[in-house]
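Below is one structure, written out as structure tokens, with a few remarks after it.
Quick note: numbers below take in every heavy atom, side chains included, and nothing from hydrogens, waters or symmetry partners. Numbered from 1 within each chain, the chains take letters A, B, ... in sequence-line order.
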Number of protein chains: 2
Amino acid sequence: MLSKACEYGIKATVFLAQQSKNDLLSNVNEIAGAGNSPVAFTAKILQQLARSGIVASVKGAQGGFYIEKNVLRKLNLLQIVTAIDGDAITTECVLGLSHCSEINPCPMHSKYKVIKAEIVNMLHTTLVSELADDLDQKLTFLKN
Amino acid sequence: MLSKACEYGIKATVFLAQQSKNDLLSNVNEIAGAGNSPVAFTAKILQQLARSGIVASVKGAQGGFYIEKNVLRKLNLLQIVTAIDGDAITTECVLGLSHCSEINPCPMHSKYKVIKAEIVNMLHTTLVSELADDLDQKLTFLKN
DNA sequence: TTTAAATAGGACTAATTAGTCCTGTTTTAG
DNA sequence: CTAAAACAGGACTAATTAGTCCTATTTAAA
């Protein structure tokens, strides 16, 4: 469903959101540590999220990453998934047909259509800030 | 979501179901051709499906694959997916936590739980024979 | 002003998934 | 009885995804 890069990216973003609400910067070690993710790989993904404008970075000593308040207010999971995995999740046929559509449907098209819509809707309506709140209240966890 | 092996496996099975209703055997070339899938790779997957008891094979000249009527009657997509991809689809955490559960939920757990249940339910309740019927009526296609 | 702590980014390696190819065996038709 | 058509299966190659490592640059603090 989601690539490893995307899993790490979501965990990193949720952690950063939690920190950013308290105006804290976090460096790659803290971010990767919080989600039990590989450090160097997480660094790569954060670069990508920074280029997409999802997170912001401060270079140099005492630098790190954070999420701007006005970005965080509206940031949802679909934005993160799209930034990292592209729009395959919304566009691709579940059986891999290159031109699967209503007029040329694969055998699973009508049944999968419903599922796909729900996945996209869930990602689109889930705000990173609400996930960060749950995390803050220790209702959820980034590792175990 | 599904591996390529699984996509090819489902297409192969649906095609075989359609053929088997007319008591026809199909060889690997016909099966792969019907779904625009790589021949040798499809052969591998059919072997696997044969070992799982989902399809049956007849060796030798004029041999091929088919699905037994009493298997086909109850065969659903979840059986195929499980035979090829294992039970990751039903068990794995969307964020990759190794022990994600109700008491140790990842940030997406409660939202993804609903989606996962619908995916599994869809796979479980979709019979290969109904997909084969749609195919037979040219309501759906295995390639384009 | 130097040093150390950080991000940026490219080149590289490792692991997994996707896919091929070859050899052996079975079986039917001529 | 032999040749050809087919599956079985293992060894291999290719492509993609996952992940590391090194060097350059920035910047704050001592």
Salt bridge or not for B:Lys111 and A:Glu130, using N-O below 4.0 Å? yes

Distance-only polar pair, side chains of A:His124 and A:Gln79, donor-acceptor under 3.5 Å: no

Assess, by modelled atom type and distance only, whether the side chains of B:Ser3 and B:Asp85 contain a donor and an acceptor separated by less than 3.5 Å. yes

Heavy atoms only: give me the nearest B:Gly9-B:Ile45 pair and the separation to one decimal. CA-CG2, 3.7 Å

Between B:Val58 and B:Asp85, who's closer to the 5' end of DNA chain C by nearest nucleotide? B:Asp85

Within this structure, what is the [atom1]-to-[atom2] distance between [X] and [N], rounded to whole angstrom?
{"X": "B:Arg51", "N": "D:dA8", "atom1": "CZ", "atom2": "P", "answer": "9 Å"}
{"X": "B:Gln47", "N": "D:dC7", "atom1": "CD", "atom2": "P", "answer": "10 Å"}
{"X": "B:Phe41", "N": "D:dG10", "atom1": "CZ", "atom2": "C1'", "answer": "15 Å"}

Going 5' to 3' along DNA chain C, between which two nucleotides do contacts with chain B fall, using a heavy-atom cut-off of 4.0 Å? C:dA18 to C:dT28

If each of A:Lys59 and A:Lys4 is mapped to the nucleotide of DNA chain D with the nearest heavy atom, which maps nearer the 5' terminus, i.e. the 5' end? A:Lys4

Pick the closest DNA chain D nucleotide for A:Pro38 and for A:Gln62 by heavy atoms, then say which residue is nearer the 5' end. A:Pro38

Donor-acceptor contact below 3.5 Å, side chain B:Ser20 vs main chain B:Gln18: no

Which of A:Ile10, A:Leu72, A:Asn76, A:Val71 passes side chain to side chain contact (heavy atoms under 4.5 Å, CB included) with A:Val128? Answer is A:Leu72

